[in-house]
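Residue numbers run from 1 in the order of the sequence given. Computation of the quantities below employed the complete heavy-atom set of this structure, encompassing side-chain atoms and omitting hydrogens, waters and symmetry-equivalent molecules. Owing to the predicted nature of the structure, the values given are computational and were not obtained by experimental measurement.
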Amino acid sequence: MDVESVRNMLIELADEDYRAFHGKLVPGTENILGVRVPELRKLAKKLVKENWREYFEAAPDMYYEEDMLRGFMVGYGKMDLEERLERIREFLPSIHNWAVCDCFCSTLKFTEKHRETVWEFLKPCFTSDKTYDLRFASVMALDYYTLPEYAHDVFHYFDYMENSDYYVQMAVAWAVSVFYVHLPEMTEDYIRENRLDDFTHNKAIQKICESYRVDKETKARLRSLKRK
């Protein structure tokens with residue numbers, strides 16, 4: 001499995017209309033071929049049956065889809081826990097946009113069986129000065145840690161993140177809204193007392209109020225907590 005042959009597979013799967021559409025969703029990302037995520041997942045599952053480690057280590061940051069494919073390999077490949085965490089650590093610098101970050105997180109299902117070990121791994125990401133380390137930690141939190149035993153610690157990390165990047169703010173707001181669905185009382189207490197910036201605070205409330213799982217009375221109460 002060499003880089004050129006995999007790249008040719010990706011080029012064959014590319015769809016120009018999808019490239020144009022998806023490019024608008026990932027502003028600033030100019031290296032998109034236009035391969036749909038289900039096709040990338042299917043290809044990754046096929047490639048991890050071969051010598052995927054060689055490809056993982058050799059593939060350059062040339063195309064968006066190559067980054068996505070490498071991330072999926074970390075989730076789908078057969079390896080022990082120690083290696084998987086090391087592969088995640090190696091992959092994090094390849095995350096340059098929200099889409100690669102979020103799709104990568106959703107592929108790391110192994111977290112459900114190793115939640116405490118992965119939590120220890122995530123802690124330095126919550127205090128990183130890198131935008132996509134912070135988004136990675138935030139999205140991992142909403143994907144795998146909406147549990148009462150983790151909520152207070154997650155909220156504490158959100159309060160002390162020192163990064164005003166839009167994609168960090170939106171990840172935190174999204175996470176708070178997901179925590180609200182799972183832990184409404186704990187999360188509402190947090191909303192009332194948090195140290196989030198005004199944009200993130202208000203966006204979190206907006207996202208909660210967009211949920212069909214939240215009743216009208218609750219939405220009205222939460223809207224009253226928005227900052228002006």
Side-chain angles (χ1 to χ4, degrees), residues 36-50 52-53 56 67-95 97-128 130-159 161 167-168 170-190 204 207-208 211-214:
R36 298 173 186 273
V37 171
E39 293 294 335
L40 288 170
R41 291 191 182 279
K42 189 186 302 182
L43 180 58
K45 289 176 181 178
K46 174 184 175 182
L47 294 178
V48 293
K49 296 176 183 178
E50 304 175 31
W52 65 270
R53 290 173 177 82
F56 178 88
D67 290 336
M68 193 79 83
L69 197 60
R70 290 175 69 240
F72 290 162
M73 287 176 171
V74 174
Y76 296 143
K78 290 185 178 180
M79 66 195 89
D80 61 28
L81 178 59
E82 184 177 349
E83 180 185 357
R84 203 178 303 275
L85 293 176
E86 183 55 36
R87 295 291 179 182
I88 293 172
R89 187 176 289 108
E90 292 175 17
F91 182 71
L92 286 177
S94 298
I95 299 177
N97 57 70
W98 68 265
V100 170
C101 178
D102 297 5
C103 288
F104 179 52
C105 292
S106 68
T107 310
L108 302 179
K109 303 294 187 185
F110 80 100
T111 301
E112 295 171 356
K113 293 183 178 179
H114 304 280
R115 196 168 267 114
E116 186 58 29
T117 301
V118 178
W119 177 249
E120 292 300 317
F121 176 88
L122 289 174
K123 286 181 178 180
C125 295
F126 279 110
T127 58
S128 172
K130 296 179 175 62
T131 293
Y132 285 102
D133 284 359
L134 294 171
R135 185 171 177 106
F136 170 72
S138 301
V139 176
M140 287 294 287
L142 72 89
D143 278 345
Y144 305 108
Y145 291 93
T146 54
L147 300 165
E149 60 265 38
Y150 291 101
H152 287 302
D153 287 341
V154 171
F155 295 156
H156 176 81
Y157 281 124
F158 287 167
D159 274 347
M161 280 186 181
Y167 291 102
V168 174
M170 290 299 290
V172 171
W174 177 25
V176 172
S177 72
V178 174
F179 270 85
Y180 188 86
V181 169
H182 291 272
L183 302 167
E185 292 183 8
M186 291 179 68
T187 308
E188 185 165 336
D189 287 344
Y190 173 65
K207 285 185 169 294
I208 295 168
S211 173
Y212 67 88
R213 302 186 196 182
V214 180

Below 30° counts as parallel, above 60° as perpendicular, anything between as tilted: where do the rings of Tyr150 and Tyr145 land?
perpendicular

Taking the six-membered ring where the residue is Trp, are the ring centres of Phe126 and Trp119 under 6.0 Å apart?
yes

Could you check, using the six-membered ring where one of them is a Trp, whether Tyr190 and Phe158 have ring centers closer than 6.0 angstrom?
no

Taking the side chain as everything from C-beta on, heavy atoms only, tell me whether Met186 gets closer than 4.5 Å to His152.
yes

Report yes if some heavy atom in the side chain of Glu39 is under 4.5 Å from a heavy atom in the side chain of Leu43; otherwise report no.
no

Partner residues of Arg41 under the side-chain contact (heavy atoms from CB on, under 4.5 Å) criterion, sequence neighbours left out
Val37, Phe72, Tyr76, Cys103, Ser106, Thr107

Return the minimal non-hydrogen interatomic distance between [X] and [Y], and the atom names on each side.
| X | Y | answer |
| --- | --- | --- |
| Cys125 | Leu134 | O-CD2, 3.3 Å |
| Val74 | Arg84 | O-NH1, 2.7 Å |
| Leu85 | Phe121 | O-CE1, 3.5 Å |

Within a reach of under 6.0 Å around CD of Glu82, are more than 12 heavy atoms found that belong to other residues, nucleotides or ligands?
no

Quick check: are there more than 12 heavy atoms from other residues, nucleotides or ligands sitting under 6.0 Å from CD of Glu116?
yes

For the side chain of Thr127 and the backbone of Pro124, is there at least one donor-acceptor N/O pair under 3.5 Å apart?
yes

Would you confirm whether Thr146, through its side chain, and Leu142, through its main-chain N or O, come within 3.5 Å as a donor-acceptor pair?
no

Can you list every pair that meets salt bridge (charged side-chain N to carboxylate O under 4.0 Å, His left out) and has a residue in residues 130-155, with sequence neighbours left out?
Asp102-Arg135

What's the separation between atom CZ in Phe110 and atom CG in Leu81, rounded to the nearest 0.5 Å?
6.0 Å

For Glu86, give me all partners under salt bridge (charged side-chain N to carboxylate O under 4.0 Å, His left out), at least two apart in sequence or on another chain.
Arg89

